[in-house]
Amino acid sequence: MILGSANDMADDTQAQAPAADDEVLEAPVRGSADELLDAGAQAPIDAMRHSTAHVMAEAVLALFPDARLGIGPAVENGFYYDFDLPRPLTPDDLAAIEARMAESVRADHPFVRREVGFDAGRATEAEAGQAFKVEILDDLARKAADTGEPMPPVTFYEHGPFRDLCKGPHVASTGKIGPFRLLSVAGAYWRGDEKRPMLQRIYGTVWETQEQLDQYLWRREEAKKRDHRRLGRELDLFSFHDVSPGSAFWHPKGQRLWRTLETAIREVQDRREYTEVSTPMVVSQRLWEASGHWALYKENMFLIESEGQTFSLKPMNCPESTIIYKTHLRSYRDLPLRLSEFGRLHRNERSGTLSGLTRVRQFIQDDGHIYVRPDQLADEIAALLGEVDEVYGWFGLRPELKFGTKPDKALGDPALWDRAEALIREALDRAGLPWTLKPKDGAFYAPKIDIHIEDALGRSWQTATIQVDLTMLPERFDLTYIDEAGQAVRPMAIHRAIYGSLERFIGILVEHFGGAFPLWLAPVQAVVIPIADRHAPAARELAAELRAAGVRFVEVDDSDSRMQNKIRLAQGQKVPYMLILGDREVEARSAAVRKRGAGKNDPQEVLPWSELAWRLGEEIREKRLG
RNA sequence: GCCGACAUAGCUCAGCGGUAGAGCAGCUGUUUCGUAAACAGCAGGUCCUCGGUUCAAAUCCGAGUGUCGGCUCCA
C-alpha cells in the first residue's frame with residue numbers, strides 16, 4: 001500500500017502543481033491572522049506585486065462600492081486579491097478594472113503608511129463595513145490576549161482614495177508599478193476554509209518591464225502547447241470520455257509508452273530481486289476494515305454490492321500484499337522480501353479535482369512492498385534511492401527529495417520513529433543526493449521520502465515515494481518472521497513507488513519532452529518515407545530490418561502523398577527519425593536520415609540499412625536522450 | 001464537493017431567434033513526385049442531454065452531465 005502515493009502523492013503537491021496553462025499561483029499561507037496580513041512581500045518585486053493588488057482593490061471598490069475585501073498578497077509571478085461582490089465578475093469587468101488601475105498608476109499616488117491604535121483601526125474597518133478585515137483584527141486581539149502581550153498597533157497603507165489594513169511594504173507610489181495584466185477570476189474560500197464564504201479571487205501578473213511581462217505571457221502560451229491533454233490528442237496517445245470521468249482511454253500509441261515504461265522498470269526490479277505479484281481488484285469491506293481504510297478512506301472508495309456483501313475497487317494495494325506475506329511462515333533469511341505489483345487502483349476523487357492524467361480516478365501504480373528486518377532498513381532505503389536515481393536519469397529528470405518526519409498525529413512508539421528517521425537521514429546522506437527537510441510531513445504511521453521532479457518548465461511535481469512503515473502493515477496485520485533465536489519478530493515494511501502513478505508520470509513525461517520523446521520511449525520511433533510507389537517495397541524491407549534490430553515501432557508511410565507532406569506529418573507527430581528512400585537509396589540499400597527537428601541547412605547523413613539498424617538499436621538500448 | 005466559464009463535423013473554430021458553415025483531417029479520382037501542405041470532387045452534424053419560453057431555439061431561460069480555471073479535499 002502506498003499511502004500517499006500516486007494520486008495522494010500528487011495531491012500533496014496540488015498547491016505547487018500548476019494549472020494546465022502553466023500558471024503557478026500559490027495559495028496564501030493559511031492560518032493565523034498574522035499570516036493573512038503578511039502580503040508575501042519580501043523581495044522588491046513582491047512589494048510591487050502586492051502594491052498592484054492594492055491598486056486592483058482600489059479599482060474594484062470604485063466599480064463595486066459595496067465590495068468587501070479579503071486578502072491580496074503577492075504570489076509567484078504576480079498577485080491576487082479576494083473580494084466578496086454582489087455578482088459574478090465577467091471578462092468585461094476585468095477589462096474595466098484594468099482600465100481603472102491604469103488610471104491610478106498614471107496618477108502616481110504615493111503609498112502612505114499610517115499607524116493607529118488598535119481600537120481606532122478596528123473602528124475604521126468596522127465603519128467601512130469590511131467584515132473580513134475586522135475578523136483579522138479580532139483574531140490578532142484574541143491572540144494578544146491569549147499570550148498576554150500588549151495590543152499591537154495597526155498599520156494601514158493609503159494611496160489616493162484607497163486605504164487597506166496592511167503590513168506592507170509597498171513601492172513609493174503607484175507610478176512605480178510596472179506593466180501588468182489581469183489573468184483570471186476564480187472562487188476561493190475565505191481563509192481557505194470550505195465552510196466559510198466563497199470569495200471571488202482575481203489573479204494578475206506584474207513585471208518590472210514590458211519585456212518581462214511579454215516573456216511571461218509567452219511562457220504561458222508555450223506551456224499550453226505542451227499541455228499533456230493537448231499533446232495527448234494531437235499525438236493520439238489517450239482520450240477522456242464522459243462515460244468514465246477521470247479515467248483515461250489509452251490509444252495504441254499511448255499504450256506503447258506504458259509498455260516501454262513497464263518493461264524498463266521491470267528490468268530494474270528483476271535485477272533488484274523483486275518478485276512480482278498481482279492481487280484482486282474487487283475486495284471485501286472486511287479487508288478495508290482491518291487495514292483502517294474503511295474508517296478513514298471510505299469516501300474515496302468505489303463500492304460494489306453483491307449477494308449481501310460489500311466490496312470495493314481497491315484504492316491501494318498494500319493490505320493485499322500482507323495477505324501474500326502471510327501465506328508462509330517467514331524466516332529472517334527470507335528478508336528483505338520485495339513484492340512488486342502493477343496495481344490498477346480506483347479512487348473516487350471529488351469531481352472538481354479531476355484534471356487530465358495528473359489527477360485521475362483510475363491509475364496504475366508501479367507499487368512495491370518491501371518487508372525488512374530492522375537492521376536491513378538503511379541499506380534498503382539507500383538501494384531504493386539508487387533506483388530512483390537510475391530511473392529518473394533515463395528521462396533527464398533530477399529527482400528532488402523531501403524528507404517528511406513525524407507528524408503531530410502519529411501512531412506507534414516514539415522511539416521507533418526516532419530510529420526510523422535517523423536511518424532515513426543516514427541513507428539520504430549516504431546517497432549523496434540533495435534533499436530538503438519537511439518537518440512533520442510524514443505519514444501518520446511512518447516517516448517518508450517523497451520524490452519531486454521538475455519538468456522542462458521548472459514546475460515541481462510529486463511522483464514517487466518511499467515510506468517506512470513501522471506500525472501500520474506490520475501491526476495491524478500482525479506480520480511476523482522467525483528470527484535466529486526462533487522468536488516471532490515484527491518486520492518493518494517499506495511502501496515504495498518509483499514512477500508513482502503511470503498515468504501521472506506519462507502526463508509529466510509528455511510535458512517534459514513536449515511530446516518529442518527520446519528514441520527509446522517514442523511510440524513511433526521511425527517513419528520510412530518512400531518517395532514514389534516503386535520505393536515502397538524497399539521501405540517495408542527496411543522497416544522489417546529495423547524491427548529485427550530492436551526498433552520496435554517503425555511505420556512506413558506508403559500513402560500517395562508527396563514526400564514533403566509525409567515529412568510534415570512525421571514532424572508534426574514528433575517522430576525521432578524520418579528515413580527517406582528514393583532511387584539512389586534503394587539502389588545502394590541505404591536511407592537518407594532526417595532527424596526530428598532538423599532544419600533545411602542541417603547536414604544529413606545517408607546510411608546503409610545495416611548501419612542504421614545498428615545505430616538506432618544502440619540508441620535505444622542505451623536509452624540515449626538524443 | 002464549492003465558485004465561475006465553456007460544450008456546434010474526427011480536430012481547430014465561425015454562426016448567437018428565421019432552412020447549420022469554413023479550414024484541416026476522411027473518402028474517391030487524377031498525380032509518382034528528392035527534404036515541413038500536389039490537384040479535383042464527394043461525404044460528414046440529435047449544434048452535450050432533458051425540460052421550458054416562442055409562430056419559430058444551435059441561438060433565450062432552467063436543470064443535469066462533462067471539460068477548463070481556481071478553491072477545498074487528498075492514508
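Just so you know, these numbers use all the heavy atoms, side chains as well, and skip hydrogens, waters and symmetry mates. In what follows, every chain begins at residue 1, and chains take the letters A, B, ... in the order their sequences are listed. Because the structure is a prediction, the values reported are computed rather than measured.
Note: CD1 (A:Ile202) to C1' (B:G69) measures 14 Å, nearest angstrom. In this entry the distance linking CG of A:Leu354 with P of B:G66 reads 9 Å, nearest Å. A:Leu94 has its CG atom 11 Å from the C1' atom of B:G4, to the nearest Å. Atom CH2 of A:Trp190 and atom P of B:C71 are 16 Å apart (whole Å). Atom-to-atom, OH of A:Tyr81 to C1' of B:C71 comes out at 18 Å; the value is rounded to the nearest Å.
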Quick tally for nucleotides 25-30 of chain B: nucleotides whose base has a protein heavy atom under 4.0 Å get B, sugar-phosphate-only ones S, the rest -, giving -----B

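With sequence neighbours left out, the salt bridge (Lys or Arg N to Asp or Glu O under 4.0 Å) criterion links A:Glu585 to no other residue. For A:Arg540, the salt bridge (Lys or Arg N to Asp or Glu O under 4.0 Å) partners two or more places apart in sequence, or in a different chain, are A:Asp558. A:Arg350 meets the side chain to side chain contact (heavy atoms under 4.5 Å, CB included) test with A:Glu194, A:Thr353; sequence neighbours excluded. Under the rule for a salt bridge (Lys or Arg N to Asp or Glu O under 4.0 Å), A:Glu555 has no partner lying at least two apart in sequence or in another chain. In this view, A:Ala493 and A:Tyr371, A:Asp469, A:Leu473, A:Pro474 satisfy the side chain to side chain contact (heavy atoms under 4.5 Å, CB included) rule, not counting sequence neighbours. With sequence neighbours excluded, the residues satisfying side-chain hydrogen bond (donor to acceptor under 3.5 Å, both in side chains) with A:Thr279 are A:Lys314, A:Glu320, A:Glu341.
Using a cutoff of 4.0 Å between basic side-chain nitrogens and carboxylate oxygens, A:Arg196 and A:Glu135 are scored as salt-bridged. For A:Arg191 and A:Asp139, the salt-bridge test passes: some basic side-chain N is under 4.0 Å from an acidic carboxylate O. The existence of a salt bridge linking A:Glu289 and A:Lys298 is excluded, since no basic side-chain nitrogen approaches an acidic carboxylate oxygen closer than 4.0 Å. A salt bridge does not link A:Lys406 with A:Glu421: every distance from a Lys NZ or Arg NE/NH1/NH2 to an Asp or Glu carboxylate oxygen is 4.0 Å or more. For A:Asp478 and A:Arg476, the salt-bridge test fails: no basic side-chain N is under 4.0 Å from an acidic carboxylate O.
Considering A:Lys595, A:Arg594, A:Arg615 as possible partners of A:Glu605, the one that fulfils the salt bridge (charged side-chain N to carboxylate O under 4.0 Å, His left out) test is A:Arg615.
A:Gln571 comes within contact range of at least one nucleobase, with a heavy-atom separation under 4.0 Å. Nucleic acid contact for A:Gly572: none, since no nucleic acid atom lies under 4.0 Å from a heavy atom of the residue. At a threshold of 4.0 angstrom between heavy atoms, the contacts of A:Asn300 with the nucleic acid are absent. Counting non-hydrogen atoms under 4.0 angstrom, A:Ala186 reaches a base of the nucleic acid. Counting non-hydrogen atoms under 4.0 angstrom, A:Gly356 reaches the backbone sugars and phosphates but no base.
When each of A:Leu89 and A:Ala592 is assigned the nucleotide of RNA chain B bearing its nearest heavy atom, the one mapping closer to the 5' terminus is A:Leu89. Residue A:Met198 is the one, among A:Arg584 and A:Met198, whose nearest nucleotide of RNA chain B lies closer to the 5' end (criterion: closest heavy atom).
Listed nucleotides B:G66, B:U72, B:C71 differ in distance to A:Ala188; the shortest reach to its side chain belongs to B:C71.
Straight-line distance between the P atoms of B:C27 and B:U53: roughly 46 Å, to the nearest whole Å. For the P atom pair drawn from B:C24 and B:G41, the interatomic distance equals 12 Å after rounding to whole Å. The C1' atoms of B:A25 and B:C61 are separated by 37 Å, rounded to the nearest whole Å. Taking the C1' atom of each, B:C47 and B:C42 are spaced 23 Å apart, rounded to whole Å. Across the P atoms, B:U35 and B:U67 are found 46 Å apart, a figure rounded to whole Å. If you take atom C1' in B:C73 and the same atom in B:G10, they sit 36 Å apart, rounded to whole Å. B:C55 and B:C48 are spaced 24 Å apart, taking the P atom of each and rounding to whole Å. Rounded to whole Å, the P atom of B:A43 lies 32 Å from the corresponding atom of B:A56.
Between A:Tyr203 and B:C71 there is a side-chain N or O to OP1 or OP2 distance below 4.0 Å. Side-chain N/O atoms of A:Arg359 include none lying less than 4.0 angstrom from OP1 or OP2 on B:C73. Between B:A38 and A:Arg562, a contact under 4.0 Å exists linking OP1 or OP2 to a side-chain N or O.
Looking at heavy atoms from C-beta onward, A:Thr405 lies out of side-chain contact with A:Lys448 at the 4.5 angstrom threshold.
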Atom pairs and distances, donor-acceptor, side-chain atoms in residues 567-578 of chain A, under 3.5 Å, two or more places apart:
unit_1: A:Gln571; atom_1: OE1; unit_2: A:Gly597; atom_2: N; d: 2.7
unit_1: A:Gln573; atom_1: NE2; unit_2: A:Glu234; atom_2: O; d: 3.0
unit_1: A:Tyr577; atom_1: OH; unit_2: A:Glu619; atom_2: OE1; d: 2.6

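Counting non-hydrogen atoms of other residues, nucleotides and ligands closer than 6.0 Å to CZ of A:Arg344 gives a total of 12 or fewer. More than 12 heavy atoms of other residues, nucleotides or ligands sit less than 6.0 Å from atom CZ of A:Arg490.
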Nucleotides 7-12 of chain B: which of its N/O atoms have a protein N/O under 3.5 Å away?
unit_1: B:U12; atom_1: OP1; unit_2: A:Arg233; atom_2: NH1; d: 2.9

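A donor-acceptor contact under 3.5 angstrom links the side-chain atoms of A:Glu585 to the base of B:G34.
Contacts of residues 234-244 of chain A with RNA chain B (heavy atom under 4.0 Å): A:Asp242. Residues from residues 531-542 of chain A that place a heavy atom under 4.0 Å from any atom of RNA chain B, listed by number: A:Ile531, A:Ala532, A:Asp533, A:Arg534.
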Pairs counted as Watson-Crick or G-U wobble with both distances under 3.5 Å: what dot-bracket string results for RNA chain B, using | for bases tied to another strand? (((((((..((((....[..)))).(((((.......))))).....(((((..]....))))))))))))....

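Note on ring orientation: taking the six-membered ring where Trp is involved, the planes of A:Phe238 and A:His228 are tilted (angle from 30° to 60°). Ring geometry, A:His241 versus A:Phe249: the interplanar angle exceeds 60°, so the pair is classed perpendicular (tilted spans 30 to 60°).
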